[in-house]
Structure formats: C-alpha cells, structure tokens
Participant: 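Provided herewith is a single structure, encoded as structure tokens, for subsequent inquiry.
Each chain gets a letter, A, B and so on, in the order the sequences are listed, and its residues count up from 1. Note that the structure is predicted; figures quoted are calculated from it, not measured.
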Amino acid sequence: MSEEKSLNFLEEIVQEDLSTGKYQKIHTRFPPEPNGYLHIGHAKSICLNFGLADSYGGKTNLRFDDTNPVTEETEYVDSIKADVRWLGFEWDGEHYASDYFEKIYGFAVELIQKGLAYVDDSSAEEIAAGKGTPTVPGENSKFRNRSKEENLNLFEEMRAGKYRDGEKVLRAKIDMASPNMHMRDPIMYRIKHANHHRTGSTWCIYPMYDFAHGQSDSIENITHSICTLEFEVHRPLYNWYIEQLGIFPSHQYEFARLNMNYTVMSKRKLLQLVQEKYVDGWDDPRMPSLSGMRRRGYTAAAIRNFCDRIGVQRRENIIDIGLLEFCVREDLNKISDRRMAVLDPLKMVITNYPADTTEHLDSENNPEAENNGGIRKLPFSKELWIEREDFMEVPAKKWFRLAPGAMVRLKNAYIVKCDSFTKDGEGNITEIQCTYIPESRSGHDTSGINVKGTIHWVSVPTAVPAEVRLYDRLFKVEDPSAEGNFKDFINPESLEIVQKAWIEPSLANAKPGEHFQFIRKGYFTADEKLSVPGKPIFNRTVTLKDAWAKEIKKG
RNA sequence: UGCCCGAUAGUAUAAGGGUAGUACAUCAGAUUUUGGUUCUGACUGUCUUGGUUCGAAUCCAGGUCGGGCAACCA
C-alpha cells in the first residue's frame with residue numbers, strides 16, 4: 001500500500017524539522033487581513049497551512065492581520081470564518097493581531113531602549129525621498145539620532161494622541177544604505193485616528209505589517225510561517241525584529257501564489273468589481289471568491305482536491321481554469337442526482353400516443369453514485385418539451401439527434417420518429433410531430449431498434465417553470481490584467497438568465513444549495529440566496545463536457 | 001543598471017548523480033438509453049553555453065528570459 005507520494009518543498013522542510021528534533025510539533029497559521037472576502041487563491045494557502053498541520057499532527061491558528069483600521073471590517077471577519085469552515089477546516093486558536101497591540105507596543109519600546117528605533121517627524125514624502133531607490137542608497141533622517149529618552153517620550157505622546165495622522169512615525173534604525181529596501185529604516189508605527197473594528201478608539205497608533213506579523217507569529221509560537229513570494233524580500237526584516245527582540249524564532253517560508261487564467265485574483269480588483277456593480281456582490285456566482293463559488297455550486301471537496309492537484313512551488317504559475325472545472329465535474333458527477341430540464345423549449349407532440357394519459361416511468365437518480373442512487377418516477381405524456389437545439393431541419397453530418405425522418409430515444413422513455421414539423425409565419429419552428437414505438441419503452445424494449453441519439457424532455461402537463469442562470473467565465477481573455485483596464489475585458493455574456501425553463505416536477509422542491517445534473521446540460525445548483533420553497537432558482541455550476549460542440553468547432 | 005527569487009510537454013507537477021513520470025488539455029478508438037461517465041492508446045518537455053563526472057533535469061560557472069522589491073497597504 002506504500003504508494004510513493006512525493007512531498008512538496010514545505011512538507012520536506014517540516015518533515016526535516018520534525019526528524020531532526022528541531023520541533024516536536026509544528027504550528028502554522030492562516031493570517032488573512034479582514035479587508036475583503038476569501039478567494040480561490042486563499043484556498044490554496046488555507047489547504048496548505050491546515051493540510052501541513054493535519055499531515056504532521058500539528059495545529060493551525062486563524063489569525064486576523066488587522067493592523068489597518070481604515071480598510072478592515074467585521075463583515076469580512078465573519079465571511080472569512082464562514083468560508084474557512086465551509087472549506088472543511090477548523091482552527092485551533094482564533095486570534096487577532098489587535099489582541100497583541102499592547103504587547104507589540106512593548107516590543108517597540110524595547111527597541112527604542114536598545115537604540116534600535118526612533119521617532120521621525122518627517123513627512124511621508126520626505127521619508128520616501130530619503131529612502132533612495134533600489135540602485136541609489138538612502139540618506140539618514142535628520143531625526144535619526146534623537147536620544148532614547150526623547151524617543152521614548154515622543155512615542156508615548158504618539159500613543160496618547162498628541163499628534164495628528166502623519167505627523168510622526170516610529171522607525172527601526174537599521175541601514176539606509178541596505179540593498180534591501182525593506183531594511184532602510186522601515187516604519188514600525190504610524191498614527192491613524194481611526195475606529196478599529198475590534199479595539200475601537202483605544203489606539204491611535206498602529207503597527208505596520210512588518211512589525212506585527214512576525215511578532216504575532218512569535219507570540220503564538222508559530223513554527224512555520226507560510227506566505228506568498230512577494231514577502232520574500234521582507235524575510236530579512238522579519239528575522240531582524242525577532243532577533244533584536246530575542247523572541248520565539250518563527251521562520252518564514254514563501255510559496256508562489258495561485259494565478260488562474262480568465263480571472264483576476266487581487267482583492268483590490270475584486271473589490272472594484274463589487275463596488276462598481278460589475279457583479280452582484282462578493283458572492284456573485286461569477287466571482288472567484290469562495291462565497292461566489294459556493295453559491296455557484298462548487299463543492300468544498302472539489303476545491304480542496306483542486307488545491308491538492310495544483311501543487312506547491314516557488315515558481316510563478318498560471319493554472320488553467322479548466323482544471324478547476326474538471327475537479328468540480330469530478331465531484332459533482334459522483335454526488336448529483338440526474339434530472340431533466342429543458343432550457344430552450346420546443347414542443348413535441350406524439351401523434352400516436354393517447355391523449356389524457358400519463359405514464360410514470362422509472363428513472364435512475366444517479367448511475368455513478370457510490371451506493372446506487374435509486375430511482376424516481378417520471379411523468380410522460382403526449383406532449384413534451386424538448387430542447388430546441390436537439391432538432392435540425394437540415395441535419396449536419398454526424399448529427400444523431402432529431403431531424404425529419406430521424407429516430408431518437410427519449411431518455412428513460414420511448415423511441416420516437418420525427419414525421420413532420422410546423423413553422424410560424426417568420427419561419428421559426430413551433431412544433432414537431434412524432435410517432436412513438438410502443439415496444440421501445442426503456443427497460444422493456446423489444447423493438448429491436450437501435451438509435452444513436454438520446455435526448456432529454458419534460459412532460460408538458462406536469463412541467464414546472466423555473467428560472468435558470470447560465471454563467472460563463474467573467475473575462476473573455478486569458479489574462480485580463482495583462483494590459484489596459486481589466487474591466488474592459490469583462491465577458492458581456494458571463495450571465496444569461498433563462499426566465500422560464502421547464503423542469504421535471506421533482507425539481508420543484510430542490511433545497512437551496514442542492515446539486516443536480518440536468519441531463520446533457522450540465523451541473524446545476526439551487527441558488528442558496530434567491531431560491532424560495534417550491535420555487536427554486538438554479539445556477540449553472542459547470543457545463544458537461546461537450547464532444548458535439550467540439551465536433552462543430554472543427555467544422 | 002542595486003538586491004532577491006525562479007526556469008522540466010500547451011498548463012501544472014514529479015524524478016534529490018543512473019530508463020524524464022503523473023494529472024489536466026489535445027488527438028484517436030472502445031463502451032454507453034446523457035455526444036456525460038468509464039476504459040484503451042497516441043502526442044508533445046529538461047532555457048542556453050561551458051565545466052565536474054563513466055554518467056547531469058539534478059552539482060558548479062557564465063549567459064538568456066521571467067517575476068519581485070523604492071505604500072505611514074497586507
């Protein structure tokens with residue numbers, strides 16, 4: 001059974017640290033800033049952090065990096081917690097950087113006392129100018145050599161609210177000539193007279209990311225602090241603070257963030273889509289947010305599996321969104337009951353079938369289900385709705401659906417032959433007339449006739465109308481962020497609302513969030529927000545693979 | 001032209017000095033009462049130039065290309 005599973009580089013590090021005894025147990029953390037909703041990129045990080053702890057018997061904290069009160073809100077905290085739980089993970093400790101503000105303040109005082117930090121009165125512009133550029137060394141601030149006492153006093157006054165926003169900052173005293181920009185006397189604290197979602201007006205000075213994140217890691221005894229590649233250049237600073245403070249030596253490791261084609265992943269851009277109403281909220285089913293994907297019908301299992309398949313490395317990557325869709329279909333195929341729904345209806349009349357008769361035919365719920373999905377009864381009658389695209393007046397080559405004179409199987413029912421059709425004044429086909437073969441009933445077929453095509457249908461008298469929303473990718477180009485304004489590349493057809501599709505009666509009671517496969521059309525999920533009892537609204541989660549569509553493309 | 005990081009099929013990801021493998025995608029076929037599922041087969045790859053070695057995707061050096069870093073954001 002020992003199938004060799006190759007380890008990713010982080011698993012190797014952890015395994016090494018465990019086997020050498022560097023740590024007895026590992027402790028990771030997932031550290032979102034509560035300034036937006038979680039997206040599929042975060043899922044990679046969540047699966048990584050919680051997965052590592054799961055595999056190696058460690059723990060994972062959920063910690064909100066809430067050091068910037070002006071962008072953070074409780075709404076985001078709540079959504080983040082819900083999304084992490086939905087993904088299937090439970091955190092060990094729920095923490096907030098803001099819980100540590102007093103402690104971090106103490107760390108700052110300690111550094112001042114050690115002569116390693118100073119209060120700078122320079123303006124933001126002056127500080128930026130003094131930093132130099134990547135190729136030109138910076139210059140020391142004229143406030144760099146204030147005495148410890150003066151710094152201590154000033155810093156205390158900052159905390160006490162004596163100064164306005166931007167009037168002063170606390171800076172670490174490191175090296176203005178460092179080739180690493182982050183080591184050129186980075187800002188540790190800034191003044192913000194703003195209401196914090198948790199601490200309210202208790203503080204008017206807030207630590208910067210670099211002076212809060214590593215300190216929080218250390219306070220929580222995080223052994224492996226895993227973040228994305230862009231923080232790599234911060235690592236020397238991360239280490240510097242910890243070393244100067246002599247606190248628990250958490251170690252930072254970086255991995256390449258998830259990128260996916262046909263979408264955008266930055267919180268800033270996603271927020272724009274929401275605020276400028278290109279989508280209907282963070283949980284719009286077209287959004288790559290976890291809440292959007294959930295609403296669309298993606299399952300947590302599919303997303304976890306996706307994160308597992310994409311792997312973890314340090315090289316930049318762009319994952320094909322097709323892989324995500326594959327994972328979604330793979331899971332939905334196993335768990336979704338099959339149902340019939342006609343999205344673009346055309347009436348079929350079976351001329352030789354008795355009127356006022358309804359048969360109830362057996363239909364399998366899900367032939368792929370792990371322990372037999374069972375059957376349901378499906379009403380059948382003289383008049384049916386079929387899919388308009390399943391009839392061609394002049395059949396294409398390799399066409400094996402309905403056409404004049406052609407025979408098809410009605411799924412779970414009879415074989416029918418198309419005898420004629422009717423058009424309206426504008427040349428639109430309004431009805432087709434067929435005859436059925438009584439001996440061909442599914443499961444009792446003695447007709448000996450073999451047909452190549454099988455189509456789905458819904459019986460007219462018992463059909464229930466329902467709204468169905470067809471989603472397509474949000475952007476029409478692979479890389480919307482490549483050049484220009486990403487919003488120019490929004491796919492105008494990313495949402496098509498079918499006001500009145502006909503669904504089989506059993507679908508009328510679909511529960512919000514319930515998944516189905518509409519036979520031959522795709523996987524659909526009852527919208528968890530808009531559905532009302534007895535009147536579900538369905539979201540198309542993902543289409544089925546379509547070999548015929550491919551055939552047409554080839555021409 | 002400073003510092004840091006990276007480079008394996010179309011896209012991802014393995015191989016840790018010894019047969020370049022897997023998944024998705026693509027193509028071909030089989031099965032099929034979903035043109036779905038399942039199954040079979042095919043296809044295409046180590047950025048480059050040197051070096052070390054019996055042997056290099058792997059180690060070393062130079063180059064090329066790509067990414068990151070100059071927010072009182074995280």
Side-chain angles (χ1 to χ4, degrees), chain A residues 4-8 12 31-33 35 65-68 70-72 120 122-124 127-129 131-138 165-171 178-184 187-192 205-206 208-210 212-213 227-236 254 256 261 267-268 309-327 329-330 333-334 338 340 364 367-368 398-401 408-413 415 440 442-443 445 450-456 517-523 543-551:
Chain A
E4 275 180 56
K5 196 195 176 287
S6 54
L7 304 177
N8 66 46
E12 285 179 6
E33 184 192 10
N35 68 345
D65 246 339
D66 54 352
T67 57
N68 185 2
V70 302
T71 57
E72 296 155 5
D120 195 328
S122 308
S123 67
I127 289 178
K131 271 217 163 171
T133 70
T135 51
V136 178
D165 288 9
E167 213 174 323
K168 284 179 167 48
V169 291
L170 182 71
R171 290 229 259 173
S178 170
N180 183 334
M181 296 296 289
H182 296 277
M183 300 298 273
R184 320 240 266 225
I187 291 169
M188 296 166 62
Y189 267 91
R190 75 286 214 197
I191 299 169
K192 276 181 193 284
I205 58 172
Y206 293 91
M208 296 288 288
Y209 165 84
D210 285 302
H213 194 90
C227 62
T228 46
L229 244 29
E230 68 266 28
F231 292 101
E232 190 165 6
V233 284
H234 293 242
R235 182 157 22 103
E254 311 86 17
N261 55 16
K267 272 200 234 175
R268 206 194 90 249
R309 281 174 188 256
I310 60 176
V312 182
Q313 253 307 334
R314 285 173 62 82
R315 46 177 175 258
E316 296 291 336
N317 59 83
I318 302 170
I319 306 289
D320 190 340
I321 196 165
L323 180 62
L324 211 211
E325 293 173 346
F326 169 84
C327 293
R329 289 191 189 102
E330 183 182 51
N333 179 46
K334 288 183 299 193
R338 273 55 173 168
M340 297 222 263
E364 273 184 304
E368 311 293 333
K398 291 191 189 174
W399 175 260
F400 45 85
R401 277 120 93 154
V408 293
R409 157 80 59 187
L410 294 172
K411 176 80 180 167
N412 293 127
I415 291 173
S440 66
S442 288
D445 189 348
N450 269 321
V451 292
K452 260 200 135 175
T454 299
I455 65 172
H456 61 280
Q517 184 197 101
F518 289 0
I519 285 183
R520 301 207 311 132
K521 296 310 293 183
Y523 295 98
T543 59
L544 250 24
K545 271 203 336 200
D546 191 344
W548 173 246
K550 242 183 224 172
E551 189 68 33

Participant: For N180(A) and S178(A), test the side chains for any donor-to-acceptor distance below 3.5 angstrom and give the result as yes or no.
Facilitator: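 There is no such pair (donor and acceptor under 3.5 Å, judged by atom type) between the side chains of N180(A) and S178(A).
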Participant: For the C1' atoms, the ones on rG66(B) and on rC54(B), what distance do you get once it is rounded to whole angstrom?
Facilitator: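 Here rG66(B) and rC54(B) have their C1' atoms 36 Å from each other.
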Participant: Is there any protein nitrogen or oxygen under 3.5 Å from a nitrogen or oxygen in nucleotides 11-15 of chain B, and what are the pairs?
Facilitator:
| residue | atom | partner | partner atom | Å |
| --- | --- | --- | --- | --- |
| rU11(B) | O3' | I318(A) | O | 3.0 |
| rU11(B) | O2' | I318(A) | O | 2.9 |
| rA12(B) | OP1 | I318(A) | N | 2.6 |
| rA12(B) | OP1 | I318(A) | O | 3.3 |
| rA12(B) | O5' | I318(A) | O | 3.3 |
| rA12(B) | O2' | I310(A) | O | 3.1 |
| rU13(B) | OP2 | R315(A) | NE | 2.8 |

Participant: Given 3.5 Å as the limit, does a donor-acceptor pair link the side chain of R401(A) with the main chain of V408(A), or not?
Facilitator: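 Absent.
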Participant: Need one value for R338(A): base, sugar-phosphate or nothing, where a base atom within 4.0 Å counts as base even if backbone is also close, heavy atoms only.
Facilitator: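 The answer is base, as R338(A) lies within the cut-off (heavy atoms under 4.0 Å) of a base atom.
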Participant: Indicate whether OP1 or OP2 belonging to rA71(B) is found under 4.0 Å from a side-chain N or O atom of R190(A).
Facilitator: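 Looking at the OP1 and OP2 atoms of rA71(B), neither is under 4.0 Å from any side-chain N or O of R190(A).
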Participant: Side chain of V233(A) only, heavy atoms from C-beta on: which candidate in rC73(B), rG35(B), rG68(B) is closest?
Facilitator: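 So the side chain of V233(A) is nearest to rG68(B).
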Participant: Would you confirm whether R190(A), through its side chain, and D165(A), through its main-chain N or O, come within 3.5 Å as a donor-acceptor pair?
Facilitator: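 No, because the side chain of R190(A) does not come within donor-acceptor range (under 3.5 Å) of the backbone of D165(A).
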Participant: Using whole Å, report how far CD of E551(A) lies from C1' of rA28(B).
Facilitator: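 The answer, rounded to whole Å, is 12 Å.
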Participant: Using a 4.0 Å heavy-atom cut-off across all strands, classify T71(A) as base, sugar-phosphate, or nothing.
Facilitator: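 The answer is nothing, as T71(A) stays clear of every strand by at least 4.0 Å.
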Participant: Between rG55(B) and rU19(B), how far apart are the C1' atoms? Round to whole Å, please.
Facilitator: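 Between the two C1' atoms, the distance is 13 Å.
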Participant: To the nearest 0.5 angstrom, please state how far the CZ atom of R338(A) sits from the NE2 atom of H456(A).
Facilitator: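 Rounded to the nearest 0.5 Å, the CZ-NE2 separation comes to 14.0 Å.
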Participant: State the CG-CE distance between N412(A) and M340(A), to the nearest 0.5 angstrom.
Facilitator: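 Those atoms lie 5.0 Å apart.
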Participant: Which part of the nucleic acid does Y189(A) contact within heavy-atom distance under 4.0 Å: base, sugar-phosphate only, or nothing?
Facilitator: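 If one applies the 4.0 Å heavy-atom cut-off, Y189(A) turns out to touch nothing in the nucleic acid.
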Participant: Quick one: E230(A) CD to rA70(B) C1', roughly how many Å, whole number?
Facilitator: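 One finds 16 Å between C1' of rA70(B) and CD of E230(A), rounded.
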Participant: Using the P atom on both, measure rG41(B) against rC4(B) and round to a whole Å.
Facilitator: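 The answer is 49 Å between these two P atoms.
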Participant: Rounded to the Å, how far apart are K131(A) NZ and rC69(B) C1'?
Facilitator: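 These atoms are roughly 10 Å apart.
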Participant: Within the structure shown, what part of the strands sits under 4.0 Å from K398(A) by heavy-atom distance: base, sugar-phosphate, or nothing?
Facilitator: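 Touches a base.
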Participant: Pick the nucleotide of RNA chain B nearest each of G322(A) and R235(A); which residue has the one closer to the 5' end?
Facilitator: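 The residue whose closest nucleotide sits nearer the 5' end is R235(A).
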Participant: Within this structure, what is the CG-CD1 distance for the pair L410(A) and I455(A), rounded to the nearest 0.5 Å?
Facilitator: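 That separation rounds to 5.5 Å.
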Participant: Side-chain N or O of T67(A) versus OP1/OP2 of rA74(B): is the shortest distance under 4.0 Å?
Facilitator: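 Answer is yes, contact under 4.0 Å.
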Participant: Just compare rC72(B), rC73(B), rA70(B) and give me whichever is closest to any side-chain atom of N68(A).
Facilitator: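 Of all the options, the side chain of N68(A) is nearest to rC73(B).
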Participant: Can you measure from CD (E364(A)) to NZ (K411(A)) and round to the nearest 0.5 angstrom?
Facilitator: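 The CD atom of E364(A) sits 7.0 Å away from the NZ atom of K411(A).
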Participant: Find the distance between CD (E368(A)) and CD (E330(A)) and round it off to the nearest 0.5 Å.
Facilitator: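 E368(A) CD to E330(A) CD: 12.0 Å, rounded to 0.5 Å.
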Participant: Just to be sure I understand the rule, does T228(A) reach a base, reach only the sugar-phosphate, or reach nothing, if contact means heavy atoms closer than 4.0 Å?
Facilitator: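 T228(A): no heavy atom of the nucleic acid under 4.0 Å.
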Participant: Within the modelled atom types, does a donor on one side and an acceptor on the other bring the side chain of E368(A) and the base of rU38(B) under 3.5 Å apart?
Facilitator: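 Absent.
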Participant: Could you point out which residue of K267(A), E72(A), R268(A) forms a side chain to side chain donor-acceptor pair (under 3.5 Å) with N35(A)?
Facilitator: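 One option only clears the test, and that one is K267(A).
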Participant: Which of the following nucleotides, rG2(B), rC73(B), rG35(B), is nearest to the side chain of P179(A)?
Facilitator: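 Selected nucleotide: rG2(B).
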Participant: Looking at the side chain of M208(A), which of rA74(B), rG36(B), rG35(B) is the nearest nucleotide?
Facilitator: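 The answer is rA74(B).
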Participant: Rounding to the closest angstrom, what is the interatomic distance between rC3(B) and rU58(B) at atom C1'?
Facilitator: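 So the two C1' atoms sit 27 Å from each other.
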Participant: Reckon G138(A) touches a base, only the sugar-phosphate, or nothing at all at heavy-atom distances under 4.0 Å?
Facilitator: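 Touches nothing.
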Participant: Atom CD of E254(A) and atom P of rC4(B): how far apart are they, to the nearest Å?
Facilitator: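 Roughly 14 Å, once rounded to whole Å.
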Participant: Please measure how far the P atom in rA70(B) lies from the corresponding atom in rA74(B), and state the result in whole Å.
Facilitator: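 Per the computed distance, 13 Å lies between those P atoms.
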Participant: Touch check for N412(A), heavy atoms < 4.0 angstrom, all strands: base, sugar-phosphate only, or nothing?
Facilitator: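 It contacts base atoms.
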Participant: If only atom types and distance count, is the side chain of N261(A) paired as donor or acceptor with the main-chain N or O of I321(A) below 3.5 Å?
Facilitator: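 Looks like yes, one N/O pair under 3.5 Å.
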Participant: When rounded to the nearest Å, what value does the distance between P atoms of rG36(B) and rA20(B) take?
Facilitator: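 Roughly 36 Å separates the two P atoms.
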Participant: At less than 4.0 Å, is any side-chain N or O atom of K545(A) found next to OP1 or OP2 of rU37(B)? Yes or no.
Facilitator: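 Answer yes for this pair, as a side-chain N or O of K545(A) is under 4.0 Å from OP1 or OP2.
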Participant: Would you indicate, yes or no, if rU32(B) has its OP1 or OP2 atom less than 4.0 angstrom from a side-chain nitrogen or oxygen of K452(A)?
Facilitator: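 The answer is no; no side-chain N or O of K452(A) sits under 4.0 Å from OP1 or OP2.
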Participant: So does K168(A) get a side-chain nitrogen or oxygen closer than 4.0 Å to the phosphate oxygens (OP1/OP2) of rC72(B)?
Facilitator: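 No, outside the criterion.
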Participant: Should the ring pair H234(A) and H182(A) be called parallel, tilted or perpendicular, given that the plane angle runs from 0 to 90° and is split at 30 and 60?
Facilitator: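 The arrangement is tilted - the two ring planes meet at 30° to 60°.
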Participant: Starting at CZ of F231(A) and ending at P of rC69(B), how long is that distance when rounded to a whole Å?
Facilitator: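 Nearest whole value for this atom pair: 10 Å.
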Participant: Describe the nucleic acid contact of Y206(A) in one word from base, sugar-phosphate, nothing, applying a heavy-atom distance below 4.0 Å.
Facilitator: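 If one applies the 4.0 Å heavy-atom cut-off, Y206(A) turns out to touch nothing in the nucleic acid.
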Participant: For R184(A) and rC69(B), what is the distance between atoms CZ and P respectively, to the nearest whole Å?
Facilitator: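 Computing the R184(A):CZ to rC69(B):P distance gives 15 Å.
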Participant: Given the rule that a pair is Watson-Crick or G-U wobble with both distances under 3.5 Å, how would you write RNA chain B in dot-bracket, using | for pairs to a different strand?
Facilitator: .((((((..((((....[..)))).(((((.......)))))....(((((..]....))))))))))).....
Participant: Atom CZ of R520(A) and atom P of rG36(B): how far apart are they, to the nearest Å?
Facilitator: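 Value for this atom pair: 11 Å.
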Participant: Under 4.0 angstrom, heavy atoms only, what part of the nucleic acid is N180(A) near: base, sugar-phosphate, or nothing?
Facilitator: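 N180(A): no heavy atom of the nucleic acid under 4.0 Å.
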Participant: Determine the Euclidean distance between corresponding P atoms of rG17(B) and rG50(B); express it in Å to zero decimal places.
Facilitator: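 Each nucleotide's P atom is 25 Å from the other's.
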Participant: Any chance you could measure L324(A), atom CG, to R329(A), atom CZ, to the nearest 0.5 Å?
Facilitator: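 Here the rounded value is 10.5 Å.
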Participant: Within the 4.0 Å heavy-atom criterion, would you say H234(A) contacts the bases, only the backbone, or no part of the nucleic acid?
Facilitator: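 Base contact.
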Participant: Between atom OH in Y209(A) and atom P in rC69(B), what is the gap in whole Å?
Facilitator: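 Going from OH in Y209(A) over to P in rC69(B) covers 14 Å.
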Participant: Taking the C1' atom in each of rU31(B) and rU44(B), what is the distance between them to the nearest angstrom?
Facilitator: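 Comparing C1' positions in rU31(B) and rU44(B) gives a spacing of 28 Å.
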Participant: In the structure I gave you, are the side-chain heavy atoms of K192(A) and N68(A) within less than 4.5 Å of one another anywhere?
Facilitator: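 Answer yes - side chains close enough.
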